[in-house]
Amino acid sequence: MESLNRMAIELVDEALEYAEELNIGGYDLENESTVLDFGIDFDGGIEAGLLLTEIQTAGLATPSTELGDIGDAPVPYVDLSTDQPALALLCSQKASWELTTDDFDGLGSGPARALVAEETEFRQMGYTDAFDLTALAVETDEQPTEAAAAQVADLAEVESSGVFLLAYSTGSLVGSVTSAARAAELATFRLTELGYDPRDIVSASGRAPVAPVAGDEGEAIARTNDALAYGGTAHLVVREDADFFEHVPSTAADEHGRPFAEIFDDLEWDFSEVPADLFAPGKVTIDVLSGPTYVVGETNESLLVESFDL
C-alpha cells in the first residue's frame, strides 16, 4: 500500500496552492512547521471542508455534498465512500490524537497517526507508515504552537519542517463539514469495537447533515454530534456475518433520544464520560457478501430540527 502520508501531502500541497480560493490561510512556525488555518481566524467553507476530509482520509475516500431536507429546511449533506475503510477511516480519519502541551490543546486526526501506529487498528491491520512529511488535522479553537508541532514531529519521527498542522474549530463551517463526513468512519469503528475484524469490511459509505455553525464551541460540539447520531446513515459491505450488527447504530445506546447538549450538561462536559455507543450514525445497513442484508437503527428528524434551531 502507498504511504498514507505521501498521498495526504499531495492534497496538502493543493490546499497551499489554492488557499485564497478556499478561504484558508497558511504560515510557518519558527521551527519551520507549517500551519494551515481552515477555520479559526479564516472562514474556510464547504470546499475547504471537503478537501480537509480528503486529507484526513489520505485520499482514499471520496467526499461530496448535496442538498437534502430537515423538516422544511434545505440543508447540505456530506456523502463519503471508500473501498479502503480500514486504512482510510480507522488508520487515518479517526480522531484520537490528544495533542496537548503546556500551551496548546487539540484533537488530532489524519495520516500522522499512521507514523506512530500504536493504536489497536494498526496492529489489527499490520500497517505502519514511513514517510518524511506528515499531516495532522487538529480540531481546536486556538492556533497551534511550536510545542504542539514539536510533539507531532517527535512522535511521528520526522523533522519539524516536515510537519503540517491543519487547524479548525468545531464551530466553523469546515468543522461542521468534516464532522458530517464521519458517518462511515463511526459505523466502521463501532463495528470493530464490537469485535469485527476490520480487514473483513470491504466498503463503507456514510451520509450526515452539515450542522449550522454554532455560536460557541460547546454548542458546536453538541450539534455536530447530533447530526451524526440522529441524522447520520451508513452502508457497510462486509465479508462475514455476525450476531451483533444491531449494536452498531447509535440507537443501541441507553442515552439515545436525548440531545447531546443535555447529555454533556449532565456530565459537566466531561466528554470521556459519554457512552461510547452513542458515537455512531443513527441508521446503518450492513450488507454481507453472498449473505443477508441487515438494516438497523433509525434517524430522528424532529430532534435535529430542535438542535439546529430550524
Side-chain angles (χ1 to χ4, degrees), residues 1-12 15 50-63 78 80-99 106-139 151-158 162-166 178-206 228 232 234-240 248 276 279-281 284 286:
M1 170 59 67
E2 175 81 18
S3 162
L4 295 180
N5 281 275
R6 180 189 293 274
M7 291 186 289
I9 290 298
E10 292 178 1
L11 295 165
V12 171
L50 294 177
L51 180 55
L52 183 54
T53 297
E54 287 191 76
I55 295 169
Q56 288 172 308
T57 56
L60 291 175
T62 303
V78 174
L80 179 143
S81 61
T82 178
D83 290 330
Q84 295 287 338
L87 287 172
L89 309 181
L90 300 183
C91 294
S92 196
Q93 188 187 23
K94 180 186 169 189
S96 56
W97 188 322
E98 294 184 7
L99 185 56
L107 181 61
S109 61
R113 295 175 45 247
L115 294 176
V116 182
E118 292 182 348
E119 299 168 64
T120 301
E121 44 266 50
F122 295 99
R123 293 193 295 272
Q124 291 174 314
M125 292 296 296
Y127 179 80
T128 302
D129 198 5
F131 196 56
D132 56 357
L133 304 174
T134 191
L136 187 72
V138 186
E139 192 171 355
Q151 182 190 117
V152 175
D154 180 55
L155 293 175
E157 298 184 354
V158 300
V163 172
F164 293 82
L165 299 179
L166 319 173
T178 56
S179 177
R182 291 187 177 277
E185 177 231 319
L186 292 180
T188 300
F189 178 61
R190 183 72 190 129
L191 185 57
T192 61
E193 275 193 310
L194 293 166
Y196 201 84
D197 190 332
R199 294 168 295 185
D200 284 331
I201 305 174
V202 177
S203 183
S205 301
L228 289 162
H235 178 276
L236 305 178
V237 178
V238 302
R239 292 192 180 92
E240 302 294 334
V248 173
F279 296 108
V284 181
I286 301 176

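- The side-chain heavy atoms of L60 and S92, taken from C-beta on, include no pair separated by under 4.5 Å.
- Put simply, the side chain of V12 reaches to within 4.5 Å of the side chain of I55, judged on heavy atoms.
- Of the possible polar contacts, one joining the Y196 side chain to the E240 backbone as a donor-acceptor pair under 3.5 Å is found.
- When all heavy atoms are compared, the tightest approach of C91 to A114 is O-CB, 4.0 Å.
- What you find for A130 and S3 is that their closest heavy atoms are O-OG, 4.1 Å.
- Nearest approach of P198 to T192, heavy atoms of both residues: CB-CG2, 3.7 Å.
- Every pair passing salt bridge (Lys or Arg N to Asp or Glu O under 4.0 Å) that includes a residue from residues 186-195 is listed here, sequence neighbours excluded: R190-E193.
- The two residues L236 and A187 have their closest heavy-atom pair at CD1-O, 4.1 Å.
- Distance check: N5 CG to L115 CG gives 4.0 Å after rounding to the nearest 0.5 Å.
- Between V248 and A280 the shortest heavy-atom distance is O-CB, 3.3 Å.
- Annotation: side chain of L51 is in contact with side chain of L11 (closest heavy-atom distance under 4.5 Å).
- Partner of P63 under the side chain to side chain contact (heavy atoms under 4.5 Å, CB included) criterion, out of L52, L50, T178, T82: L50 alone.
- The shortest non-hydrogen separation linking P111 to A8 is CG-CB, 3.4 Å.
- Within the 4.5 Å cutoff, side-chain heavy atoms of L80 are placed close to those of L89.
- Side-chain atoms of D200 do not come within 3.5 Å of backbone N or O of V238 as any donor-acceptor pair.
- Residue pairs meeting the salt bridge (Lys or Arg N to Asp or Glu O under 4.0 Å) criterion with at least one partner in residues 120-136, sequence neighbours excluded, are K94-E121, R113-E121.
- Once rounded to the nearest 0.5 Å, the distance linking OH of Y127 with CG of L90 reads 13.5 Å.
- The main-chain N or O of Q93 is found under 3.5 Å from a side-chain atom of R182 such that the two form a donor-acceptor pair.
- For E54, there are no side chain to side chain donor-acceptor pair (under 3.5 Å) partners at least two apart in sequence or on another chain.
- Put simply, OG on S109 and CG on L136 are 6.5 Å apart, with the number rounded to the nearest 0.5 Å.
- Side chains of Q151 and W97 form a contact here, defined as non-hydrogen atoms less than 4.5 Å apart.
- With a 4.5 Å cut-off on side-chain heavy atoms, V202 and R239 count as touching.
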